[in-house]
Structure formats: C-alpha cells, structure tokens
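Comments concern the structure below.
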Number of protein chains: 2
Amino acid sequence: MVCPATRWRRRKEARPQELTAAALELFVEKGYAATRLDEIAAQAGVSKGTLYLYFTSKEELFKAVVREGLLPLLAEGEVLVANAPGPASELFRVIVMRWWEVVGDNPIGGISKLIFAEARNFPEIARFYAEEVIERGKRLLAAALQRGIDSGEFRPFNPDDLVHIVFSPLMMRLVWKHSLDCCGVHTVPVDVYLREYIELMLRGLRSDVV
Amino acid sequence: MVCPATRWRRRKEARPQELTAAALELFVEKGYAATRLDEIAAQAGVSKGTLYLYFTSKEELFKAVVREGLLPLLAEGEVLVANAPGPASELFRVIVMRWWEVVGDNPIGGISKLIFAEARNFPEIARFYAEEVIERGKRLLAAALQRGIDSGEFRPFNPDDLVHIVFSPLMMRLVWKHSLDCCGVHTVPVDVYLREYIELMLRGLRSDVV
DNA sequence: ATTAAATTACCGACCGGTCAGTTATTAAAT
DNA sequence: ATTTAATAACTGACCGGTCGGTAATTTAAT
C-alpha cells in the first residue's frame, strides 16, 4: 500500500467499484451472513460509515455485486447461443467450456454457491437471484438443447425437464469448489471432469439413429 | 400439551434422542450457524443448560445428529450393493429410487445441503462429514458402476472419475429442495426428474455394443 | 495568487440486539 | 437427607446500522 501523506483521499467515483470488489471477495470466502461490513469496508480501504454512503444496506450491496459481476456474462451467453454456427453438440461443448472459464473458474462463481447456501435465510436475495440470473440461465441452456432436438442430433425430450439435470454436474462442481474443496477432500482434476461430463451428456442426449 | 403436576421431569435416557431430533429439524431449516441452541432446547422441551449436560458443544451435537441419522442408511446401502442380484442398470435404478426415498425425501437430506453451505466456515465439521459420509457414499456408487463395467453393460470408464458427475443431479435436486424451492421458483416434479435422470444416465453409461 | 468560507467525503465510537457457553440455584427422585 | 437432572440468570464477544465530528477539497472573495 502506498503511504499517503494524507490520512485519506476523496475518491467518490472509484469507491463503489472498490466496495463491490471487496464485497465479492469476502462474500465468496465467508458467505453472506458471516461477512461483516466492517471487513468489507476495511478491505476496500474505507470505514464502515463510508460504505453506507454508497449502499443503503448489506442487501443492496450484495445485489450490486451480482448486477455488476453476473448480468454481463449472461448477456454474452445469450449472444453466443443465438449466433453460434455448427452442430448442437459443438454448441454444448462451447457453452460448457466457456461457462467454466468465466464463471466456474472465477471468484464470481462463488456467488452461486452462496445463493444455495443462504437462500432460505434470505428469501428476498434468493428471489432476486432466481429472477435475474437463474431464469435467464435456464432459458439459455434450454434454447441450446432445443436446437439439437430440432436438428435431429438429440433425441426428442422436453428441454425444460432436462435443463436442471444436465446443468447439475457443472453447478455441483462449482459448489464443491467453494465448500468441501477447501477441506482437503480428494477430487478429480477439472479437465478430466469436464471431458467425462461432456461425453456422458452427449451420449445421453443424442438420438438413437446412427 | 399435557399439563404435568410437576414443572419438569428427569428423563435422562430420552433426552439425547429428543435433542438430536430437535437439532436435526432446526439445523435443516435454518442452517448450522443460524440455529440457536436456545431454540433447539426449547423445541426438545428443555432449557439450554440441559442441552449442555448431554452434549459438550454445538459441534458435538451436530456430529451426533449425523451419526444417528446418516450412518445407518449408509450401512444399509452397502448391504444393498453387495447383495443385489440382476443387471447393473437395475441396481442403479434401485439405488437412485431408494436414496431419494430415505435421504432425498426426508429431513436428514437437509444435512447434505447444510454441509455444502457451511463447510468453509466450519472446516472441522466438513472434514468429519467428508470422512464419515462422503467417502463411504462414493465407494458405494463406484462399486455399483464397476459392476456394470465388469458385466459389459456399461462402457469402460474409470468409476472414480464419474461418481461425482453421475451423482450430481441427485445431490443438486436435494440442494435445490432445501434452498431455492422455498422461494417459489418453478421446478419439474420429482417423479419426472428422477425418470429423466435415470434415462439420461443409463444412456450415457451403457456400452456401444447392441 | 492567496486566503478564508463553504461543502462533503470520510472516520470511528457507539447502540441495540444476538448468541454460545457458564454457573448458581432449584427441585425431582430415591 | 442425599444425589443429580434441570433451570434461569448471567457473561462476554460479536455485528448491522447510526451519527456527531473531522479533514480533504472546492469555491468565492480579495
């Protein structure tokens, strides 16, 4: 840290972004309830009082983290599904790998696990997340599956019945990473996991005609 | 409530079981950290001080809940896998349906979600659970998959690479049930979910030879 | 340019409430 | 009368949110 001649500086523009960044890190590390606003403020180099100048409550701070970190990624994914050429199996592969790259393997991925962990205790946050993130994500994957059915690559099924099942191994790997992974439990390497997952799913989804 | 002549009774034998039952219910409903020992004691009809006569700490109380509720089920599953006759696909079906019956669809299932939710904040509990429950469960499922490979029903793969992937949709459904389900998010009915899951997995696992 | 007044970003002590764990006391059982 | 299961009051640490005061910066007057 650079040692300033002054005790602090006015940086009205930079504060919100620095606070959401600090909040993301600590929310992911400790969860929503267990993260103290004192800590977030300290991590961002301000005091707790300052935090309240920019966000009206802990909950609003959290929502800001989600809006900033997750909604742009969803928008990107929607573009990808709408425009991707080639077979549905290839689209599926790309979605999986890209999702792991930008969500699974990034701090923001910890938010998903946090939601499952604390939805019951913070229903307002859960509802916000379900509407803004989960619904959009489900539509995205269902559209990709539908493309495979339409083209005959995938057997006929109701995409809405399968989105959760198909996505679960990815979500579960992410949950695992942010929970038991930290406690020295053995796990399969990510590249193996993703490869075997994609193969299992494509075999399970493909149509019977050879 | 029956009105007792006395303000309370000495019931040394019954207390531990009543306390673990109350603890299970509240831990599942609110999570580990958010459940107050006052509440558990009240639910069991005693005071908080009494709880400490039978369990040395919140953590030990939790471990007792797991030992009492989950370890007998694992033992039953191990017997099932060791003795079940018939093809591996049928064994897989039975394991899935039975697991949902005794874990997924029972209060004790909430413990699994709790572990994922709070492992990071309570590493000692996570390690205990990983050793006593998860390792045993993984061995159980891996053995069932191995049987299918040996018999030629399943294609060749490393069962240890696939256990997490295969089990994820079940685990995820359970996590969902104890988190976002409570917040009015639409979900597929359980029977449809399980049927589609089993079909997807068996198609994904079966060997190519017809 | 210099200085002084006005503004406001920021600090940090504080409050009300919560909760795991302890202990002094009471009362049931024999 | 003695033993001990059970109670209830208590402790100390913690935390979300508030608020009076302070200091960095801006503006206006000379």
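Below, chain A is the first sequence line, B the second, and so on; all start at residue 1.
Residue A/R15 places at least one side-chain N or O under 4.0 Å from the OP1 or OP2 atom of C/dC10. Contact annotation: A/T50 does not reach the phosphate of C/dC10 (side-chain N/O to OP1 or OP2, under 4.0 Å). The side chain of A/R10 contributes no N or O atom lying less than 4.0 Å from OP1 or OP2 of C/dT7.
Of all the residues in residues 18-46 of chain A, A/G45, A/V46 reach under 4.0 Å from DNA chain C with at least one non-hydrogen atom. Within residues 118-128 of chain B, no residue has a heavy atom under 4.0 Å from DNA chain D. Within residues 51-64 of chain B, the residues approached by DNA chain D to less than 4.0 Å at the level of any non-hydrogen atom are B/L53, B/Y54, in residue-number order.
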Identify all side-chain donor-acceptor contacts of residues 19-26 of chain B below 3.5 Å with residues at least two apart in sequence or on another chain.
{"unit_1": "B/T20", "atom_1": "OG1", "unit_2": "B/P16", "atom_2": "O", "d": "3.2"}
{"unit_1": "B/T20", "atom_1": "OG1", "unit_2": "B/Q17", "atom_2": "O", "d": "2.9"}
{"unit_1": "B/T20", "atom_1": "OG1", "unit_2": "B/E68", "atom_2": "OE1", "d": "3.1"}
{"unit_1": "B/T20", "atom_1": "OG1", "unit_2": "B/E68", "atom_2": "OE2", "d": "3.2"}
{"unit_1": "B/E25", "atom_1": "OE1", "unit_2": "B/Q43", "atom_2": "NE2", "d": "3.3"}
{"unit_1": "B/E25", "atom_1": "OE2", "unit_2": "B/Q43", "atom_2": "NE2", "d": "3.0"}

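Among residues two or more places apart in sequence or in another chain, the side-chain contact (heavy atoms from CB on, under 4.5 Å) test is passed with B/E59 by B/Y32, B/S57, B/K63, B/E124, B/I125. Among residues two or more places apart in sequence or in another chain, the ring pair (Phe, Tyr, Trp, His ring centres under 6.0 Å) test is passed with A/F167 by A/W99. A/D150 meets the side-chain contact (heavy atoms from CB on, under 4.5 Å) test with A/Q146; sequence neighbours excluded. Shown here are the side-chain contact (heavy atoms from CB on, under 4.5 Å) partners of A/V94, two or more places apart in sequence or in another chain: A/L80, A/E90. Every residue meeting the ring pair (Phe, Tyr, Trp, His ring centres under 6.0 Å) condition with A/W176, not counting sequence neighbours, appears here in chain and number order: B/F116, B/H164.
The list of salt bridge (charged side-chain N to carboxylate O under 4.0 Å, His left out) pairs with a residue in residues 78-89 of chain A, not counting sequence neighbours, reads A/E78-A/R136. Pairs passing the salt bridge (charged side-chain N to carboxylate O under 4.0 Å, His left out) check and including a residue from residues 102-121 of chain A, sequence neighbours excluded, read A/D105-A/K177. Within the structure, ring pair (Phe, Tyr, Trp, His ring centres under 6.0 Å) pairs that include any residue of residues 66-87 of chain B do not occur (at least two apart or interchain).
Listed nucleotides: D/dT7, D/dA23, D/dG16. Nearest to the side chain of A/K48: D/dG16.
Not a single donor-acceptor contact under 3.5 angstrom links the side-chain atoms of A/R9 to the base of D/dT25.
Judged by Watson-Crick or G-U wobble contacts below 3.5 Å, the nucleotide D/dG16 has C/dC15 as its partner.
A salt bridge links B/R11 to B/E18: one of the charged nitrogens lies within less than 4.0 Å of a carboxylate oxygen.
Across the protein-nucleic acid pair, B/K12 atom NZ and D/dT3 atom P stand 16 Å apart, rounded to whole Å. Between B/W8 atom CH2 and C/dA28 atom P the separation is 6 Å, expressed in whole Å. Straight-line distance from the CZ atom of A/R11 to the C1' atom of C/dC11: 16 Å, rounded to whole Å.
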**Item:** Stepwise salt bridge (charged side-chain N to carboxylate O under 4.0 Å, His left out) check, B/R195 with B/E199
**Value:** CA-CA 6 Å; B/R195 190 182 64 232; B/E199 178 165 3; over 6 Å; no
